[in-house]
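Okay, so here's the structure we're looking at.
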Amino acid sequence: MRIIGASCAILVLLGAAASLHAQSGCIAERVAGSEWQTFNAGTPIEVIVMTGGADVRCDGDRRILADQATVIRAEQRIELYGDVQVQDPERTLTADQATFHSAQQLLQAVGNVVVRDRRTGSTISSQLLDYYQETEDRPIARMEASSPTGAAHAVLFRAPATAGEPQPAGQPADSTLIDATHITVIGEQTFHAVGRAVMTRDSVRTTGNSIEYTQAAEGIPGSLAVAVNAVVEMPAQQLRGDSINALIGEGDELREVLTRHRAVLSAEDMEVTAPAIRLFFEDGGVTRMVAMEWPPAAGADPDPQARAETDSYRFEADSIDVLAPGQQITAAVAIGNAYGERLTPDSLLALLPELPPREMALISSDWMRGDTVRAAFAANPAAAVDPEAQERIMERLSAVGAPAQSVYRMRDEDAPEAKLSISYVSAAHIDVTFSDGVVSLVSAAGDAKGTYLQPTQVAGAATDGDGDRPPEQQ
């Protein structure tokens with residue numbers, strides 16, 4: 001799953017020259033029709049005001065244009081007003097006004113600010129922009145773009161594969177779009193968006209109060225951190241939590257994602273809630289999901305136990321580990337006060353004995369409870385002929401505990417239309433195998449005890465005890 005990859009190289013707009021004298025690297029050229037006024041000429045507090053047009057040429061083929069400019073020599077500052085343009089061979093900046101502080105190597109632009117990278121086409125637009133150039137004490141340049149009454153906007157493109165080639169016309173597919181109240185770009189690899197931040201990359205959309213991204217480089221993985229009301233939306237799934245952190249490999253592929261505090265994973269065929277959820281990716285898809293415990297945020301109540309649910313099964317436990325190599329679920333392990341449930345297929349609902357709701361909840365599914373509950377899944381043969389059928393079905397469910405408990409239903413092979421029989425088992429280890437949607441084999445070991453009820457016995461034998469009820473009945 002590609003999520004980022006756009007170059008942040010949209011910096012270095014002005015040279016280090018402070019004044020408009022040739023020996024310092026910049027020369028002001030008189031624009032036809034412009035007027036120059038010099039105050040306190042030849043003194044340390046000399047001020048030059050240029051109206052009717054200002055054109056400043058600097059070393060490195062850099063050029064500064066404006067309708068009006070004021071040079072304040074003592075403060076090493078140039079103030080630019082009206083149709084401000086800063087140009088160099090790599091980038092351009094336009095704004096309504098700008099101030100360049102030479103001593104601090106700081107450019108401050110105000111009003112309709114747009115910075116564009118000539119080579120990649122990357123742009124940043126905002127109401128305000130502060131650009132801190134590289135210096136001996138500041139080896140990495142930094143840009144601060146903000147729009148207090150709106151949103152700063154960035155469109156970042158990956159640099160062309162061949163150095164010196166221009167970016168193709170139009171918007172390439174690998175663009176990253178960023179909107180936020182404040183956007184910070186540090187060097188060529190990192191940006192930080194704060195305040196109603198939204199980042200869109202290919203088919204991935206990320207939102208939160210804060211989004212920080214560092215691009216992978218030279219074998220070091222990149223990272224993504226989203227804080228406060230964090231949401232990452234991917235094809236067919238959405239991840240939510242108080243914070244989301246991700247590792248990103250070369251080629252902009254997601255490698256791992258961790259969501260913490262009230263974490264929620266919503267997918268086409270699964271809903272997971274937990275104190276924390278970790279996802280592992282391969283070839284753009286999730287191959288493992290771990291829902292687990294996590295310390296609550298300061299002052300917050302502990303999150304509920306981890307829960308994973310689909311149309312055909314449900315798990316609850318302190319931690320749930322689901323394996324899905326090739327995006328095909330093969331196994332699930334629930335550990336710590338674990339509960340596993342295989343929901344009744346629609347074809348068998350009519351065969352359940354008729355009971356009051358309280359008792360029906362006890363027998364409405366095949367379930368197990370124990371210290372650890374494991375499930376194994378296999379391809380569903382019915383899916384080859386029925387597009388509505390589940391692609392994967394549970395073929396085995398087991399539990400260990402002191403003791404483990406299970407309720408399962410059995411079908412009379414000699415009378416397939418008869419009501420289902422109900423069995424309850426308590427043992428140190430219970431293993432149930434399913435075939436064609438019903439239980440085919442049961443084994444129990446370690447102080448095994450059980451009750452088997454024929455359909456006519458079920459109604460009269462419903463228990464009032466707590467130990468053999470599914471979680472919602474306890």
Does a side chain donor of either [X] or [Y] reach within less than 3.5 Å of an acceptor in the other side chain?
X	Y	answer
Thr149	Gln127	yes
Ser243	His261	no
Ser126	Ser147	no
Gln87	Thr92	no
Ser312	Arg342	no

Axial cation check for Phe377 ring with Arg392, 6.0 Å and 45° limits
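Here Arg392 fails the 6.0 Å and 45° test against Phe377.
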Could Arg255 and Phe281 be counted as a cation-pi pair, given that NZ or CZ must be under 6.0 Å from the ring centre and within 45° of the axis?
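Cation-pi check for Arg255 and Phe281: fails.
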When rounded to the nearest 0.5 angstrom, what is the spacing between [atom1] in [X] and [atom2] in [Y]?
X	Y	atom1	atom2	result
Glu46	Ile72	CD	CD1	12.0 Å
His182	Ser210	NE2	OG	11.0 Å
Asp269	Asp311	CG	CG	8.0 Å
Tyr81	Gln68	OH	CD	7.0 Å
Leu65	Arg57	CG	CZ	7.0 Å
Glu395	Leu397	CD	CG	11.5 Å

Quick check: are there more than 12 heavy atoms from other residues, nucleotides or ligands sitting under 6.0 Å from [atom1] of [X]?
X	atom1	result
Gln327	CD	yes
Glu282	CD	no
Glu271	CD	yes
Arg260	CZ	yes
Asn229	CG	no

Any donor-acceptor N/O pair, [X] side chain to [Y] backbone, under 3.5 Å:
X	Y	answer
Arg116	Thr94	no
Asp117	Thr120	yes
Arg240	Val264	no
Arg142	Gln133	no
Thr38	Ala41	no
Ser146	Pro148	no

Run the side chain to side chain contact (heavy atoms under 4.5 Å, CB included) check on Tyr132 and Met143 step by step: do they pass?
CA-CA 6 Å; Tyr132 299 84; Met143 185 178 295; over 6 Å; no
Any side-chain heavy-atom pair of [X] and [Y] under 4.5 Å:
X	Y	result
Val272	Arg307	no
Thr176	Met199	yes
Glu144	Val185	no
Asn245	Val257	no
Asp55	Arg63	yes
Met270	Glu309	no
Ile186	His192	no
Pro325	Thr330	yes

salt_bridge(Glu256, Arg278) N-O dist < 4.0 Å:
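Answer for the salt bridge query: yes.
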Walk me through whether Phe39 and Ile48 qualify under side chain to side chain contact (heavy atoms under 4.5 Å, CB included).
CA-CA 6 Å; Phe39 302 91; Ile48 303 174; over 6 Å; no
Can you name the closest pair of heavy atoms from [X] and [Y] and give their distance?
X	Y	result
Thr287	Gly326	CG2-N, 4.2 Å
Val226	Thr207	CG1-O, 3.3 Å
Val373	Phe315	CG1-CE2, 4.3 Å
Val290	Asp321	CG2-OD1, 3.7 Å
Val194	Ala180	O-CB, 3.6 Å
Pro275	Asp303	CA-OD2, 3.2 Å

Passing option when Phe100 is tested against Leu106, Leu107, Leu80, Ile64 for side chain to side chain contact (heavy atoms under 4.5 Å, CB included):
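Per the side chain to side chain contact (heavy atoms under 4.5 Å, CB included) rule, the option paired with Phe100 is Leu107, out of Leu106, Leu107, Leu80, Ile64.
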Could you go through the side chain to side chain contact (heavy atoms under 4.5 Å, CB included) check for Leu265 and Met289 one step at a time?
CA-CA 10 Å; Leu265 171 64; Met289 185 280 300; 4.0 Å; yes
Could you walk me through whether Val198 and Ile178 pass the side chain to side chain contact (heavy atoms under 4.5 Å, CB included) check?
CA-CA 6 Å; Val198 180; Ile178 306 160; over 6 Å; no
Can you check side-chain hydrogen bond (donor to acceptor under 3.5 Å, both in side chains) on Gln105 and Thr135, steps first, answer last?
CA-CA 7 Å; Gln105 289 296 284; Thr135 65; over 6 Å; no
Stepwise side-chain hydrogen bond (donor to acceptor under 3.5 Å, both in side chains) test for Gln76 and His101:
CA-CA 6 Å; Gln76 301 184 56; His101 304 269; over 6 Å; no
